[in-house]
Protein chains: 2
Amino acid sequence: MPRYFIQLAYDGSNFHGWQIQPSANSVQEEIQKALGKLHGNEKIEIVGCGRTDAGVHAKNYFLHTDLPQAWDPQQLVFKLNRMTPPDISFSKAWELHSDLHARFDASSRTYRYFINRHKDPFVRTQSWYLQQDLDIDAMNQAAKHLLGIQDFSSFAKAHTDVKTNICEVFSAEWFETANGLYFEISANRFLRNMVRAIVGTLVEVGLGKIKASELPGIIAAKNRSEAYVSVPAQGLFLWEITYEKAPQLQG
Amino acid sequence: MPRYFIQLAYDGSNFHGWQIQPSANSVQEEIQKALGKLHGNEKIEIVGCGRTDAGVHAKNYFLHTDLPQAWDPQQLVFKLNRMTPPDISFSKAWELHSDLHARFDASSRTYRYFINRHKDPFVRTQSWYLQQDLDIDAMNQAAKHLLGIQDFSSFAKAHTDVKTNICEVFSAEWFETANGLYFEISANRFLRNMVRAIVGTLVEVGLGKIKASELPGIIAAKNRSEAYVSVPAQGLFLWEITYEKAPQLQG
């Protein structure tokens, strides 16, 4: 069976996340349903590059799937775009060797979190509206403490099924835009809820409620209650994924 | 009672249009509710610059209202932004003389209709996704026939309460963008459903199904059944309003 990698994007507003669930709609279910229809209602499994939570978006996402027939990649993308709802889109597909895995072989993941400083109806589902002034320099000072290989238990949902909370953060920085700012963070892996807990904590720094120098202590505590409240899902985008073993997968 | 002009914007996706209705939510109702709360639950009436249909957006909109107390305009904007849902935003307010009317004194209205050529989850509620190739030159040829003072009955919903279907169209043109194209049309007034019926007809020209030279005949027929199917609401934005009598109202 040929293995295909497929690049897609989705607006997470109306999904209960990527992963299939018994009683809620998910991106995975919509795509598996479409692939099933394309293959005589055979059950087709797909493997995503990661799980996104309810309401979180993906500007770029990769999945792999082993299909019972060979496809022209462009034709596969065309069909999938027609057979899925308007909040999921497909941009490219590749046939790749069958030992490359969308989740285990992703070498880095990048997320962005968007904060909008003005009430704007047209970006309300794609950013968090926060009117207060933020000290971006202090937030960037704090963000530097996130770099490197560390245990991120202070920013993780407890009782999840992962074996370790150690992640390697490659970069973490705030950038100003015309209408607000965004946080970009790249790492080899992320824990559940981690980016939103980190952003919530850095915003406390930006508001002057805690100091940038308190970050090392918060991380060292390895205790979720030491960090601050998570920011809302609608500002978060899975932005970029890289595969060192397959540099042709761009996005 | 001082008269205020207020500039706002709204995403029409979840509204049954501007105008108050007995059993559906409207932009007008949300704003009147907020203004009522700001004035001890007194009933406050507002007058909008025009009616937009269900699902149509406004990038710029003006209303006027006579308030029982004097306000600092910036304070009024601030309060309204806090007391209305995320899909309505207020940008500016002015205290103006009480004979200026938001609807009757608007000298021109401009609409834009956005067509997106690629399936894109993040603009799906703010454009119409149409994959087919469009001949933009032919569409612009056709659009020229709309200019001037003419009876637009062929593009009007029948049985509405207006006395005349004559409008003066100042400009009508298609523009290409990175992801598709948009149609911009300015006129002294618009009939109900008029822009969407015009765009639907121009798209038929763009698809090569009718000729640009057929437009004068379609207009002259003064019969809605001579024109083509209206395009969906989510691509349409009320974009700009001008008041010759009050040039300070920008937007």
Side-chain angles (χ1 to χ4, degrees), chain A residues 6-15 18 27 30-31 34 52 55-61 74 77-92 112 114-132 179-180 232 234-239 251, chain B residues 6-15 18 27 30-31 34 52 55-61 74 77-92 112 114-132 179-180 232-239:
Chain A
I6 304 174
Q7 182 182 25
L8 60 144
Y10 53 86
D11 180 324
S13 305
N14 299 323
F15 291 112
W18 164 265
V27 183
E30 288 292 348
I31 299 171
T52 57
V56 174
H57 315 295
K59 187 83 176 169
N60 277 297
Y61 193 96
Q74 275 191 288
V77 164
F78 178 83
K79 294 261 188 193
L80 281 171
N81 274 325
R82 292 183 68 115
M83 297 178 71
T84 47
D87 37 8
I88 306 174
S89 72
F90 300 84
S91 48
K92 216 169 169 186
R112 285 194 184 177
F114 289 87
I115 294 178
N116 203 37
R117 311 295 306 278
H118 307 283
K119 195 181 180 192
D120 180 347
F122 301 110
V123 298
R124 73 187 192 286
T125 59
Q126 290 164 35
S127 62
W128 181 39
Y129 165 48
L130 183 72
Q131 209 179 16
Q132 289 108 299
N179 303 312
Q234 83 267 11
L236 186 59
F237 288 72
L238 176 53
W239 198 260
Chain B
I6 303 174
Q7 183 182 25
L8 60 145
Y10 54 85
D11 180 324
S13 306
N14 299 324
F15 291 112
W18 164 265
V27 183
E30 289 291 348
I31 299 172
T52 56
V56 174
H57 315 295
K59 187 83 174 168
N60 276 298
Y61 194 96
Q74 275 190 289
V77 164
F78 178 82
K79 294 260 187 190
L80 282 171
N81 274 325
R82 291 185 69 115
M83 297 178 71
T84 47
D87 37 9
I88 307 175
S89 71
F90 300 84
S91 47
K92 216 169 168 187
R112 285 194 184 176
F114 289 86
I115 294 177
N116 203 38
R117 311 297 305 279
H118 307 283
K119 193 181 182 193
D120 180 347
F122 301 110
V123 299
R124 75 188 193 285
T125 60
Q126 291 164 34
S127 62
W128 181 39
Y129 165 48
L130 183 72
Q131 208 178 17
Q132 289 108 300
N179 304 312
Q234 82 266 11
L236 186 59
F237 288 73
L238 177 53
W239 198 260

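On a predicted model such as this, the values are computed, not experimentally measured, just so you know. Below, chain A is the first sequence line, B the second, and so on; all start at residue 1.
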*Rounded to the nearest 0.5 Å, how far apart are CZ of Arg124(A) and OG of Ser89(B)?*
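So the gap between those two atoms works out to 10.5 Å.
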
*asked:* Could you measure the distance from the CG atom of Asp11(A) to the CG atom of Asp120(B)? Nearest 0.5 Å is fine.
replied: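 So the gap between those two atoms works out to 9.5 Å.
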
_Over all atoms of both residues, closest heavy-atom pair of Phe122(A) and Ala58(B)_ =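 Heavy-atom minimum between the residues: CZ-O, 3.6 Å.
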
*Just wondering, do Thr84(A) and Lys119(B) contact through their side chains at under 4.5 Å, heavy atoms?*
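Yes - at least one pair of side-chain heavy atoms lies under 4.5 Å apart.
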
_Heavy-atom contact with chain B under 4.5 Å, split by part of Asn116(A)_ =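 Neither the backbone nor the side chain of Asn116(A) comes within 4.5 Å of chain B.
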
